[in-house]
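Have a look at the structure below, then the notes.
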Amino acid sequence: MPSAATAPTVTYPAPTSSSAAPPSTASGRIPVTAVPDGGVSSDDKDYILTHRPILSEVGQATWYTAPYKGRKSANGQVFSDDALTAAHRTLPMGSLIVVTNLTTRQASAMRISDRGPFVPDKILDLTIASAKSIGVYRAGTARVRIDVYQTPKPIDTGGRWCVQIGPIATERKAIKLKEELLDRYPTSRVIEFAGENSFWVRIRPEGDDRELAEAIARRMDSAEGTAYLTRLD
């Protein structure tokens, strides 16, 4: 079934008052990380046949669709229901993966082009095409194994990281939390933004540093909303 909590596209406005947090050393906009037309290419499939996975992960997957036509995925390209792509919170954008439905044993190659799912018990959000390719579309959710074959950037080092908090029921509550977090983390960029049916707050620590983001995520109170460590690039 569609997930309502996959990350919407977000832009970062310039500060409008002296109380706003100063920008981090990284620019607000993340460069586009293109994936092939349709999600995977014939070269991708050949690569999978001749290489071993570099990382594997098991968990629950679901599927999602864009709330409006022309929505951009987090990698900067226009979202397509027909592309063999998926959303993951922390794998580098553009990663080449094979996803196996552990119930039906159906498997398919796809690329990471989006961020999510932002629900605690799911690790992967599939496009409609990806969900159909491994037998998840009708079921709505399934236990899967993700085998990572290739990443454009290192998994364990570097990257540009943030903490995303939500879902939050009202814009007023999201703005209140943003103001509290700006006071708590004055060197971070903090914004609130609307999702499909809720609001979210995002904290980008100075330099989009992973260790700082991890420390913030650990300190977040569950009463403020669920905190998700998320990679932006």
Side-chain angles (χ1 to χ4, degrees), residues 5-33 55 57 72-76 87-95 112-120 122-125 148 151-195 198-233:
T6 298
T9 301
V10 180
T11 56
Y12 292 85
T16 56
S17 72
S18 59
S19 63
S24 69
T25 55
S27 65
R29 188 174 296 276
I30 303 298
V32 172
T33 303
L55 178 72
E57 181 182 10
K72 288 187 177 181
S73 299
N75 76 329
H88 191 278
R89 290 192 291 271
T90 58
L91 283 175
M93 204 66 74
S95 295
I112 299 299
S113 67
D114 216 351
R115 289 301 176 215
F118 291 100
V119 288
K122 303 292 190 300
I123 65 168
L124 195 69
D125 245 347
V148 183
T151 62
K153 297 178 180 178
I155 295 176
D156 296 326
T157 60
R160 300 170 70 172
W161 296 80
C162 72
V163 178
Q164 189 155 306
I165 305 149
I168 300 166
T170 68
E171 184 177 20
R172 180 183 61 81
K173 290 182 178 180
I175 292 172
K176 182 175 183 293
L177 176 59
K178 179 191 75 171
E179 292 171 348
E180 292 172 358
L181 292 172
L182 279 169
D183 288 339
R184 197 183 307 175
Y185 303 107
T187 62
S188 297
R189 300 169 63 101
V190 185
I191 64 164
E192 96 285 343
F193 57 95
S198 58
F199 294 86
W200 296 81
V201 173
R202 180 175 289 175
I203 309 171
R204 289 179 65 174
E206 187 172 8
D208 294 336
D209 182 78
R210 179 174 184 169
E211 290 186 1
L212 292 176
E214 289 174 336
I216 291 170
R218 286 194 298 268
R219 287 195 294 266
M220 287 301 302
D221 188 330
S222 60
E224 298 169 328
T226 302
Y228 298 94
L229 180 69
T230 306
R231 182 168 177 156
L232 295 169
D233 63 338

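In terms of modelled atom types and a separation under 3.5 Å, the side chain of Ser95 and the main chain of Pro92 share a donor-acceptor contact. Although no hydrogens or angles enter the test, the distance criterion places no donor-acceptor pair under 3.5 Å between the side chain of Arg202 and the main chain of Ile165. Side-chain N or O atoms of Asp233 include one that pairs as donor or acceptor with a backbone N or O of Arg160 at under 3.5 Å.
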Evaluate side chain to side chain contact (heavy atoms under 4.5 Å, CB included) for Asp125 paired with Asp114, printing each intermediate quantity in order.
CA-CA 9 Å; Asp125 245 347; Asp114 216 351; over 6 Å; no
Any chance you could lay out the side chain to side chain contact (heavy atoms under 4.5 Å, CB included) test for Arg231 and Met93, step after step, and finish with the verdict?
CA-CA 8 Å; Arg231 182 168 177 156; Met93 204 66 74; over 6 Å; no
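Take Ala169 and apply the side chain to side chain contact (heavy atoms under 4.5 Å, CB included) test, not counting sequence neighbours, and it matches no residue. Legend: residues meeting side-chain hydrogen bond (donor to acceptor under 3.5 Å, both in side chains) with Lys176, ordered by chain and number and at least two apart, are Glu180. Listed by chain and residue number, nothing satisfies the side-chain hydrogen bond (donor to acceptor under 3.5 Å, both in side chains) test with Lys122 (two or more places apart in sequence, or in another chain). With sequence neighbours excluded, the residues forming a side chain to side chain contact (heavy atoms under 4.5 Å, CB included) with Asp209 are Glu211, Leu212, listed by chain and number. Scanning for side-chain hydrogen bond (donor to acceptor under 3.5 Å, both in side chains) contacts around Arg184 gives Glu224, with sequence neighbours left out. Applying the side-chain hydrogen bond (donor to acceptor under 3.5 Å, both in side chains) test to Glu171 and every residue at least two apart in sequence or in another chain returns nothing.
Annotation for Leu229 and Ala213: closest pair CD1-CB, 3.7 Å, computed over non-hydrogen atoms.
The CD1 atom of Ile203 sits 6.5 Å away from the OG atom of Ser188 when rounded to the nearest 0.5 Å.
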